[in-house]
Structure formats: structure tokens, C-alpha cells
Protein chains: 2
Amino acid sequence: MNSLTTYHSVAARLQSSIHSGELASGSKLPSERGICEQLGVSRVNARDALHFLEAQGLIYRLNRIGWFVSPAPFIYDPTQTHSLRDEARAQNRQLETELISANRTAAPAVIARKLELSATAAVLNVVRRRSVDGRWVLLESCYYREEDFPDLLSKDLTGSLNALVRDAYGFKKRRQDIGISSKPLNQTQAQQLQVREGSPALKLSRDLIVDGRCIVAETEHWLHDAIEMSIRGRTTAG
Amino acid sequence: MNSLTTYHSVAARLQSSIHSGELASGSKLPSERGICEQLGVSRVNARDALHFLEAQGLIYRLNRIGWFVSPAPFIYDPTQTHSLRDEARAQNRQLETELISANRTAAPAVIARKLELSATAAVLNVVRRRSVDGRWVLLESCYYREEDFPDLLSKDLTGSLNALVRDAYGFKKRRQDIGISSKPLNQTQAQQLQVREGSPALKLSRDLIVDGRCIVAETEHWLHDAIEMSIRGRTTAG
DNA sequence: CAGTGGTCTAGACCACTAC
DNA sequence: TAGTGGTCTAGACCACTGC
């Protein structure tokens, strides 16, 4: 049995406050010490309960600021190449994009291998963060083969990068390979999304392949409670 | 800064023991109290460090038994309908399947909606767990429309269910829609995989659609450190 | 039965945020 | 500066596993 333990019952109380709407989506929970006092438990129990609900995706925290009720997840088909902005509009949600950096740098080993470059080669790297309804939920890091994307860094990098690749550079006939795994954010990534190091996230990597060569390697990190992927299949006879 | 905190340094020590091979893949870590003693820290620190590494997918725990080094993840393309067994063989890993239950039951609301059944309708439900190299890592729950799968429950349900659907029931021309999200295991699920309630997992749902109707709705829960999804795209001109 | 992880107490100080 | 979450101590008992 469980549910008899202290922190489970604390979690259950908070959960029912959330479901009843007493704690609205996006709103701030009482402070940890406040919860201790109201429910007569030690702080360890309050925190264990909060961690438990965080794992469920029911609440999230902003580093050193507090705990908040998670909004409904954003729904997203990673195999589609629509701009995210269109998706957001369709779901009636507010999407913001902020450019964090756009540099020419030495390629990390993994990237160099993917892009079939020497270990000392330079690549173009664009890093952005994106918010849904005011919450930073997505960190994108995109690596481009330098020779295939002249002048990339001087273009407008706050819009759809996909559209740039397709329209400005003319890469239309292409394939996209995708990887999905569950990885927490490292210190740098966490800071950029204002969360704690180790926050659970869904890692999505996309390799853009043209003429059998990978020319763009992208990585997206989505806060785990903020995203739900949905892939519509194709009819096959297999 | 971090890395100066006690539990970060404990985590770093364990991590280097793992990377150096001193703690081999699959092997058991020292007990929590053992770690406390060896490194001169309190148990909270030891546990915080272990939780941190668990989130990274570097270690996992069996409920009340101990902490273990996570093996390399299994790689898996959910859009393919190969049997998992073939995939496992290709990756040189040992896959086992165990039937947990096969029943005719009332359809849960979500399932009834998907299968376009009335709220009181019955469905066929098959639940299995699967292990990779001896570790239970996957829980499958599969719901079938009763009228489309006569005699299903009397068939051999320990092999490829996909092959059954395709060959024994002849559903060849079909579409598969997929959903992926990050959800922890509930109490029942956790028990079946011998892990703790709330263990982080990747939830994969697959709807099999034939002639525009969903006839099979499956849910898979993979322990988050045991799986990496890889989807090979198709060349498009879009 | 010994040892493990799971839960829990009642405090403490620190780093940081918001005012 | 007051209050927050983040880290930490030094214990404790319980439920369960493995012998």
C-alpha cells in the first residue's frame, strides 16, 4: 500500500486543489513552508510531495522562485516541417522566440561526425529559446554546415529557420531523421529556461538530409510537462 | 555555480566510477549508507546524488532492492511495425515477453472514445511486460475492438501482436498514429516493472487505423533510461 | 534476522529573488 | 531586507528483501 504515507496525502491534497480549479493553471502554489504549516508536516514531506507532482507533469518550478501549476501541454508533430508559430496559432497559444546566440564555432565531436566534417572544422550554430504562453519551455540548438549556408548569420534568425533553409537556400528535396529521448537539462540549458539543473526534458534531435548528406543537425529540449508529440502515420499495405 | 555542493560532488564521484568502468553496466552500486560512510556525507546527500544520476538516466533502481548502473538504451523506431524481437536481435540484445493478463473488460473512457464504442461496451485487453537483457523495461497494454478480433484471447499472445493483427486477422492496409509523452508510472504499472511508483517513463501510444476506424489502441510505457526512439524520415519535396 | 531502501522529524544555513 | 527555494545535518522508524 501507499497513499497512507504523509507525502502521498500532501500530494493528493494539492492535486485535488489543482483539479478543482482552486489552484488555476499557471498560478503559484503556496510556499513550501506555507504548505508545512497548513498541513502540519515537515518540509521534507512537502518537498517530496512537490517532486512527486513535478514528475507527473502537474506542476513545475522556476528556479528559486516557486512552484506553479503546469498549463496543458503543447501538441506537436516533429515529423512535420510547419513553422511552430502556425502550430501555436492553431492551438490558440502564444509563442515567442528569442535568439540567444548565433556564432561560427568549432564543431562539437558529435556534430562534426553527423555533418561529415573534420574534427577541427567550423560550423554555424544558432541557439534560441521559445516560450508558450509566457513560459520558456523549449531550447533549440541548430548546427549548419558552413559551406552550404553562406551569410546565414546575417539573416533574420527569429523566424522559421525551416523556411529559411527551404526558401532562402533552396533545399526542398530532403529527408528528416528524428531521435527522441528523455534527458534532463544540464546547467547551461537549465539557466536559459530559468529552471533547475536536472529538470526533466524531452530531447528531440532532427537531422536534415539532402542528397544523402546531413547538412543541418538540430537539437530541441522541451520541458517534459510542456510537450506531447503526435505523429500521424501513413497508410501502408505492409 | 554548483558542483561545489556536496551532492553534486557525490554524483560526480559515482559518475566517474561508472565511466571508468569500475562500476560496470548493470552492476549494483554500494548501499546508500555505504556511500555516506565512504564519502563522509549525510544520507540526504547520498540520496540527492542518486536521484540526480537517476534523472540523467545513468543509474536506475529496483524498488527496495538497490541502485544499478543503467545499460545502454534500446533503440527503437515506433513507426515501424517490425516485431521488437527482430529489432532486439539486430542490436544483439536479449528480449523476453511475459503475458500479464488477457481479458474481456469494460472499456476505459479514453479507449471507448478512440475505438468509437459506447461507454459501456466491452473490449479485449492484453497486458504484457518485456525485458531487455533481463531488466523489465516495457509495459504494454493493448485494447482491441471485440467484433474485429474474434477468438483473440485464445491465441498465442506471447509473440508479435502486430503479426497477429496483420496475418491472422488480415488487416494489412492500415495507418498508425503515434503519440509520445513523458509520464511517470502509476502504482500498478510500477509494481509490474518492479520499480517505484512515479518512476520516469516514456509513454508511447499507437492507434491502428483501418478504413478510417481505429480498431486497436495500444499504450507502451518504457523506463526512461532504457529507450531511445529513432524515426527515419522520407524524402519529400515540401 | 540483518540489511536495504522508503519515509520522516526538527531543526539549520546559504544563495537568490522580489520588494 | 524579508522571504523563498536549495542544501544539509544527525538522527529515527518502517516495510520489505534476501539469506
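A quick note: this is a predicted structure, and the numbers were derived from the prediction, not measured. In what follows, chains are A, B, ... by sequence order, proteins preceding strands, each numbered from 1.
Taking the six-membered ring for Trp and thresholds of 30 and 60 degrees, B/His8 and B/Phe52 have ring planes more than 60 degrees apart, a perpendicular arrangement. Using cut-offs of 30° and 60° for the angle between ring planes, the B/His51 and B/Trp67 rings count as perpendicular.
Although no hydrogens or angles enter the test, the distance criterion places no donor-acceptor pair under 3.5 Å between the side chain of B/Ser230 and the main chain of B/Ile75. Under a 3.5 Å cut-off, the side chain of A/Gln189 and the backbone N or O of A/Asn186 do form a donor-acceptor pair.
B/Arg47 has its CZ atom 18 Å from the C1' atom of D/dG6, to the nearest Å. One atom, CD of A/Gln194, and another, P of C/dA18, lie 9 Å apart when rounded to the nearest Å. Regarding B/Phe52, its CZ atom lies at a distance of 14 Å from the C1' atom of D/dT7, rounded to whole Å. For B/Arg61 and C/dG5, the CZ to P distance is 10 Å, given to the nearest whole Å. Rounded to an integer number of Å, the gap from B/Lys28 NZ to D/dG18 P is 10 Å. When the C1' atom of C/dT17 is taken as reference, atom CH2 of A/Trp67 falls 17 Å away, rounded to whole Å. Rounded to an integer number of Å, the gap from B/Arg33 CZ to C/dT7 C1' is 11 Å. Between A/Glu197 atom CD and D/dG6 atom P the separation is 13 Å, expressed in whole Å.
Here A/Thr6 reaches the OP1 or OP2 of C/dC8: one of its side-chain N or O atoms lies under 4.0 Å away. For the OP1/OP2 pair of D/dT7 and a distance below 4.0 Å, the side-chain nitrogens and oxygens of B/Thr5 include no atom meeting the criterion.
The base of D/dG6 is paired with the side chain of A/Arg43 by a donor and an acceptor separated by under 3.5 Å. Scanning atom types as modelled, no donor and acceptor separated by under 3.5 angstrom connect the side chain of A/Arg196 and the base of D/dG6. A donor and an acceptor atom never sit less than 3.5 Å apart when one is taken from the side chain of A/Arg64 and the other from the base of D/dG3.
Listed nucleotides: D/dT4, C/dG5, C/dG6. Nearest to the side chain of A/Ser31: D/dT4. Looking at the side chain of B/Tyr7, the nearest of the listed nucleotides C/dT9, D/dT7, D/dG18 is D/dT7.
Among the atoms of the strands shown, only primed sugar atoms or phosphate atoms (P, OP1, OP2) are found under 4.0 Å from some heavy atom of B/Asn63.
Checking B/Val44 against B/Leu29, the closest nucleotide of DNA chain C that is more toward the 5' end is the one next to B/Leu29.
A/Arg128 pairs in a side chain to side chain donor-acceptor pair (under 3.5 Å) with only one of the listed residues (A/Gln192, A/Glu140, A/Glu220), which is A/Glu140.
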